[in-house]
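Below you'll find the structure I mean.
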Amino acid sequence: MSEPTETQVALSAPRSFPTDFVWGTATAAYQIEGAAREGGRGPSIWDTFSHTPGRTQNGDTGDVACDHYHRWAEDVEHLVRLGVGAYRLSISWPRVQPGGRGPLNTEGVDFYRRLLDSLRERGIRPWVTLYHWDLPQELEDAGGWANRDTALAFADYARHMARELGDRVEVWTTLNEPFCSSYLGYASMIHAPGRTEPEAALAAVHHLNLAHGLAVRAIREEIPGAQTSVTLNLHLIRAADPSSPADADAVRQIDALANRAFTGPMLDGAYPEDLLADTAHVSDWSFVHEGDLEVIRQPLSVLGVNYYFTTLVRKLVDGGTPERADGHRSGDVSPWVGADDVEFPARSGPLTEMGWNIEPSGMTELLVDLHRRYPDLPLAVTENGAAFADEVTVDPAGRRRVHDDRRVRYLRDHIDAAGAAIDAGADVRAYFAWSLMDNFEWSYGYTKRFGIIRVDYATGERTWKDSAHWYARLASTGLLPDATDVEPLGV
Ligand code: FCB
């Protein structure tokens, strides 16, 4: 056999990432902590929702989840073994401030203080999200995100956390996916609190935006120089028929609702005119008060992007029954406020267990486009991953293994796509795999496994999947391993 030529070597060289690129994994409090009634924690809308018959698959709740509240030290060890430089977690608001207002619960604050200290001692930088959907129930009883006061309460909570946890936190993220909190929670019954009030959903959009702006301001007042952020699940939207003007308009409409309703006020200082026009029959947006837009538009250190799939839209003709393969568990009512004439055609494969189409190039497009629009704003992929069914096997050496090759390929191809965005000039600084471990997948309960570490819910036992071995290799070298490089390191 002849020696490989220089070009062949270059072609087969693994993709490399900048040495200061941040590799991490992500979780959220309600999905992993459990201990729902321990340590002085108050109830959240997800406790109420998951305990309401019919809302989650199998009636699953986050009561115990991964029992991370008790097993956190073991979970930190997994992060250390993975070799990641950062960990994205969320604080449970009702654990630290049970009623959403008033005095803090010291036991709850101490839990996070210990966790953050332990992460920092082990060289893992905490990226902390203040709101990953677990609103204190008392605030929902007073109107929830449809009520402006909730935004004020959130700013107060953010200020408390900045005071209590201070420089233990590397990056402060205000909200996770306000799209889901507003439309899925207040319009479509898919998420807590399970309301079906389109106008309340739009009010929630605004109050979440306001909460973000107020919180960033409060954090910066408490910690000058704090790094602040927000995580959005921005949708990469394609027309079913690229040559149809009607479908192009559907793209515009869904882009306004899903993306620009948040990037508009947060990054450009205004709500898009077309969003206001499209939803005028639902609301006059009088909940937007004078001065709000200045508050909402705050300088950010980094924009978090969660990416899983692309969105296909088509203008509905003849008032037929719309297809609703929009990636969100179908409820009786559409989350797409004011867009009843848009449908989401069923996707063809490859799909994940969630029915989400696998399209890594969508992530490249999204990141490159964001960079083009906001060239000075660094970007981070704060969630990306896939649900697939997997099982534990025992290898000839007696080691417990989970051969999740489809998840390894999904991660590899998407991280490659993030690399392609960097090649094209996008300022992408970090990537967080969703998720560190299998967990409570909201209305799907425990039926969907996204973890790179498997959780046995009966015993709490954690088992590394091949994807965890693969990710550890990536995190330790910054070189994108081949999808078959899944042998445990150092064994
Ligand atoms: C995102 C959520 C996260 C997880 C993944 C699969 O929308 O932020 O909590 O459920 O989806």
Side-chain angles (χ1 to χ4, degrees), residues 24-34 44-46 49-50 55-57 60-62 65-66 68 87-93 127-135 173-185 188 190-192 208 212 229-236 258-259 262 303-311 326-331 335 351-358 362-363 366 380-390 404 406-407 410-411 414 431-453 455 467:
T25 63
T27 60
Y30 189 72
Q31 296 180 274
I32 64 164
E33 282 181 8
S44 82
I45 55 175
W46 268 98
F49 187 76
S50 63
R55 293 293 196 250
T56 64
Q57 260 172 277
D60 288 343
T61 74
C66 309
H68 171 75
Y87 173 49
R88 176 173 179 248
L89 67 133
S90 82
I91 292 179
S92 158
W93 186 354
W127 287 41
V128 170
T129 301
L130 288 169
Y131 187 71
H132 202 125
W133 307 352
D134 42 1
L135 185 72
T173 300
T174 53
L175 308 173
N176 176 70
E177 302 190 355
F179 167 91
C180 296
S181 309
S182 50
Y183 302 116
L184 301 187
S188 74
I190 297 168
H191 278 191
L208 283 153
H212 160 78
S229 178
V230 65
T231 278
L232 304 176
N233 54 325
L234 295 173
H235 293 56
L236 194 283
N259 300 333
F262 304 100
L303 175 67
V305 178
N306 291 354
Y307 176 88
Y308 291 93
F309 56 88
T310 59
T311 301
D326 57 10
H328 309 297
R329 197 180 171 202
S330 229
L351 306 175
T352 71
E353 196 93 340
M354 298 289 281
W356 294 348
N357 67 301
I358 303 175
M363 180 149 93
L366 190 62
V381 177
T382 38
E383 282 181 31
N384 173 243
F388 289 114
D390 42 43
D404 59 339
R406 286 176 299 176
R407 183 174 294 100
Y410 181 100
L411 293 174
H414 283 79
Y431 174 94
F432 291 82
W434 183 271
S435 174
L436 171 64
M437 57 188 142
D438 295 335
N439 57 49
F440 175 79
E441 179 47 36
W442 308 111
S443 65
Y444 293 90
Y446 296 99
T447 63
K448 307 290 182 225
R449 292 180 177 273
F450 274 91
I452 60 172
I453 295 178
V455 175
S467 51

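Start at 1 and go down the list; that is how both ligands and their atoms are numbered. For the numbers below, each heavy atom of this structure counts, side chains included, while hydrogens, waters and symmetry mates do not. Along the sequence shown, residues are numbered consecutively beginning with 1.
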| said: So that I know where these two stand, are F440 and Y30 an aromatic pair - ring centroids less than 6.0 Å apart? | reply: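 Ring centroids of F440 and Y30 are less than 6.0 Å from each other.
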
| field | Test side chain to side chain donor-acceptor pair (under 3.5 Å) applied to N306 - qualifying residues, sequence neighbours left out | value |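 For N306 the side chain to side chain donor-acceptor pair (under 3.5 Å) partners, ignoring immediate neighbours, are N176, E177, T382, E383.
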
Are any protein N/O atoms closer than 3.5 Å to the N/O atoms of ligand 1? If there are, list each pair with names and the distance to one decimal place.
{"residue": "ligand 1", "atom": "7 (O)", "partner": "E177", "partner atom": "OE1", "Å": "2.6"}
{"residue": "ligand 1", "atom": "7 (O)", "partner": "E177", "partner atom": "OE2", "Å": "3.0"}
{"residue": "ligand 1", "atom": "8 (O)", "partner": "H132", "partner atom": "NE2", "Å": "3.3"}
{"residue": "ligand 1", "atom": "8 (O)", "partner": "N176", "partner atom": "ND2", "Å": "2.9"}
{"residue": "ligand 1", "atom": "8 (O)", "partner": "E177", "partner atom": "OE2", "Å": "3.4"}
{"residue": "ligand 1", "atom": "8 (O)", "partner": "E383", "partner atom": "OE1", "Å": "3.1"}
{"residue": "ligand 1", "atom": "8 (O)", "partner": "E383", "partner atom": "OE2", "Å": "3.0"}
{"residue": "ligand 1", "atom": "9 (O)", "partner": "Q31", "partner atom": "OE1", "Å": "2.8"}
{"residue": "ligand 1", "atom": "9 (O)", "partner": "H132", "partner atom": "NE2", "Å": "2.8"}
{"residue": "ligand 1", "atom": "9 (O)", "partner": "W442", "partner atom": "NE1", "Å": "3.0"}
{"residue": "ligand 1", "atom": "10 (O)", "partner": "Q31", "partner atom": "NE2", "Å": "3.3"}
{"residue": "ligand 1", "atom": "10 (O)", "partner": "E441", "partner atom": "OE1", "Å": "2.7"}
{"residue": "ligand 1", "atom": "10 (O)", "partner": "E441", "partner atom": "OE2", "Å": "3.2"}
{"residue": "ligand 1", "atom": "10 (O)", "partner": "W442", "partner atom": "NE1", "Å": "2.9"}

| task | Please tell me if the side chains of N439 and V455 come closer than 4.5 Å, counting only heavy atoms from C-beta onward. | result |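 N439 vs V455: side chains apart.
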
| query | Cut-off 3.5 Å, side chains only: do D326 and T311 have a donor facing an acceptor? | reply |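 Note: D326 and T311 side chains miss the donor-acceptor criterion.
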
| said: Any side-chain to backbone donor/acceptor pair from R329 onto S443? Under 3.5 Å, distance only. | reply: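 A pair under 3.5 Å: yes.
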
| field | Aromatic ring pairing H235/F309, orientation class (parallel under 30°, perpendicular over 60°, tilted between) | value |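 Because their plane-to-plane angle is over 60°, the rings of H235 and F309 count as perpendicular.
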
